[in-house]
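Quick notes on the structure that follows.
If you're wondering where the values come from, they're calculated on a predicted model, not measured in any experiment.
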Amino acid sequence: MPELPEVNTVRKGFDQAVLDLKIIEVEVYDDKILRNASGVEFESTLTGQTFTGSYRQGKYFFGDLDDGSAVLFHLGMTGDIIYYHDDADRPPHERFSIKFSSGLKLGYDDPRKFSDIRILENRQAYLEQIGLGPDALEIDAKSFREIFDGRKTTIKALLMNQKLIAGIGNLYADEICFQARLHPGSRAGALSDRHTDSLYLKMREILQTACDRDAYYKVYPDDWFWKWRTDKIEFLEEKGRICKSKIAGRTTYYIEDYQKLIV
DNA sequence: TGTGATGTTGAATG
DNA sequence: GCATTCAACATCAC
């Protein structure tokens, strides 16, 4: 479930585990997810180098290499990074592995292969090229408000549009709408400043809380919307009927009447 | 066994 | 500009 908090957690783990360790071996088992290099090129480019730092914007995570280039790790829907020493602990759908001087291995796991892994000479230029919007935890209130002005699209589609705000996916979009008590199908441009500010504050609070808890949903607050997926749905039911529909092309859950529809 | 749904993005279409 | 559909791919629940 890699949205901003999950990717943030992957980055934290990466920094802790492999920064400043020399890469001594790279093995590619499936080059489908390598979008601009062959397996052999990937192996030879990385081997001998060191990750000196990392960077994240939205769901895009980069490992910076000592020659000034960078590796993009975009996790898609099911990408994940696992660290291990013993090959017996290899993840089940490992597409490549990177072995470091300490003997530690970074295993890249991705059952559905929607990941986008690529080598970039300049990550900043790449971000500009794809037009990725400002990170959801970095954007200021004024810019956030301006995004909504005059837009006919739904607030859910807007929140998930990575070119406008980077980092929010289907699940957190629903969580933000729920906590801001706004119907996900509300028209962006129809929102008052008070509503937009409420969305902004909830977005920050939710993403920050999730990051602080390492995106480990089991320790998320009990009054979050996500709890509908667990056993604690009584508190939701007393607010109203739990509805399921398709908004912005994605399965969407919300509480009827509790979340105000503004059109 | 078959069918539909699933956290991602991007392209094509209307 | 925006909504919709599809494609990439594998797994899981029903």
Side-chain angles (χ1 to χ4, degrees), chain A residues 1-11 29-36 56-62 72-82 90-96 108-118 120 126-133 135-136 146-178 183-191 203 206-207 210-211 213-218 220 224-230 243-254 263:
Chain A
M1 40 185 127
E3 298 181 42
L4 188 152
E6 288 77 15
V7 178
N8 191 65
T9 302
V10 167
R11 181 194 178 188
Y29 307 108
D30 188 334
D31 64 4
K32 266 266 166 56
I33 61 173
L34 305 178
R35 309 294 174 157
N36 73 346
R56 182 193 62 74
Q57 184 170 328
K59 305 170 192 173
Y60 290 72
F61 163 61
F62 305 86
L72 164 66
F73 297 88
H74 187 285
L75 280 53
M77 280 179 79
T78 52
D80 198 11
I81 292 177
I82 307 293
R90 278 180 62 189
H93 306 283
E94 186 177 67
R95 306 308 179 187
F96 63 84
Y108 193 87
D109 189 66
D110 185 8
R112 289 180 69 178
K113 301 191 225 178
F114 288 176
S115 289
D116 186 335
I117 309 293
R118 60 181 75 210
L120 303 167
Y126 178 75
L127 287 171
E128 282 163 30
Q129 180 202 320
I130 63 173
L132 189 65
D135 187 82
E146 285 167 1
I147 290 174
F148 286 71
D149 284 344
R151 285 190 195 264
K152 289 183 186 166
T153 192
T154 62
I155 58 175
K156 171 146 180 175
L158 186 150
L159 288 171
M160 292 198 306
N161 186 334
Q162 305 301 304
K163 289 183 164 59
L164 299 177
I165 309 165
I168 299 165
N170 197 31
L171 274 56
Y172 284 95
D174 280 0
E175 184 70 47
I176 293 164
C177 289
F178 167 75
H183 191 295
S186 295
R187 301 291 145 189
L191 264 58
M203 173 184 78
I206 289 164
L207 295 177
C211 285
R213 300 185 187 197
D214 288 334
Y216 186 51
Y217 72 91
K218 287 183 181 174
Y220 284 1
W224 276 24
F225 193 46
W226 271 23
K227 295 290 173 176
W228 79 262
R229 290 188 178 231
T230 68
C243 298
K244 176 183 179 180
S245 71
K246 252 197 172 36
I247 295 174
R250 309 296 302 278
T251 301
T252 301
Y253 292 90
Y254 61 94
V263 290

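Judged by distance alone, the side chain of A:N170 and the main-chain N or O of A:T251 form a donor-acceptor pair under 3.5 Å. Listed for the A:R187 side chain is a donor-acceptor partner under 3.5 Å among the backbone atoms of A:K152.
Residue A:R95 has its side chain nearest to C:dA10 when only B:dG10, C:dA3, C:dA10 are considered. Considering only side-chain atoms of A:K32, the nucleotide from C:dC2, C:dC9, B:dT6 that sits closest is C:dC9. In this structure, the nucleotide among B:dT6, C:dT11, C:dA3 sitting nearest to the side chain of A:A157 is C:dA3. Set against C:dC2, C:dA10, B:dT8, the side chain of A:H93 has C:dA10 as its closest nucleotide. The side chain of A:E3 sits closest to B:dG7 out of C:dC9, B:dT9, B:dG7.
For the OP1/OP2 pair of C:dG1 and a distance below 4.0 Å, the side-chain nitrogens and oxygens of A:K152 include no atom meeting the criterion. For A:R250, a side-chain nitrogen or oxygen approaches OP1 or OP2 of B:dT8 to under 4.0 Å. Contact check, A:T153 against C:dG1: no side-chain N or O comes under 4.0 Å of OP1 or OP2. Here A:Q162 does not reach the OP1 or OP2 of B:dT8: none of its side-chain N or O atoms lies under 4.0 Å away.
Per the geometry, CZ belonging to A:F114 stands 5 Å off C1' belonging to C:dC9, to the nearest Å. Spacing between atom CG of A:L75 and atom C1' of B:dT8 amounts to 10 Å, rounded to whole angstrom units. In this structure, A:N161 places its CG atom 11 Å from P of C:dG1, rounding to the nearest Å. Taking atom OH of A:Y60 as the reference point, atom C1' of B:dG7 lies 15 Å away to the nearest angstrom. If you measure from atom CD1 of A:I155 to atom P of C:dC2, you get 15 Å, rounded to the nearest angstrom. In this structure, CZ of A:R187 is placed 17 Å from P of C:dG1, rounded to the nearest angstrom. Atom P of nucleotide C:dA8 and atom CZ of A:R35 are separated by 12 Å, given to the nearest angstrom. Between A:D116 atom CG and B:dG10 atom P the separation is 8 Å, expressed in whole Å.
If you take atom C1' in B:dG7 and the same atom in C:dC2, they sit 23 Å apart, rounded to whole Å. Rounded to whole Å, the separation between the P atoms of B:dT8 and C:dG1 comes to 23 Å. A gap of 25 Å separates the P atoms of C:dA8 and B:dT1, to the nearest Å.
Using the Watson-Crick or G-U wobble rule with both distances under 3.5 Å, B:dG7 pairs with nothing in any strand shown.
Neither side chain, A:K244 nor A:T252, offers a donor N or O lying under 3.5 Å from an acceptor on the other.
Contact annotation: side chain of A:R112 to base of B:dT6, donor-acceptor pair present below 3.5 Å.
A distance of 11.5 Å separates NE2 of A:H93 from CZ of A:R112, quoted to the nearest 0.5 Å.
Put simply, the side chain of A:R151 reaches to within 4.5 Å of the side chain of A:I147, judged on heavy atoms. Side-chain contact check for A:I206 versus A:Y172: some heavy-atom pair is nearer than 4.5 Å.
Counting any heavy atom pair closer than 4.0 Å across all strands shown, A:T251 reaches sugar-phosphate atoms only and no base atom.
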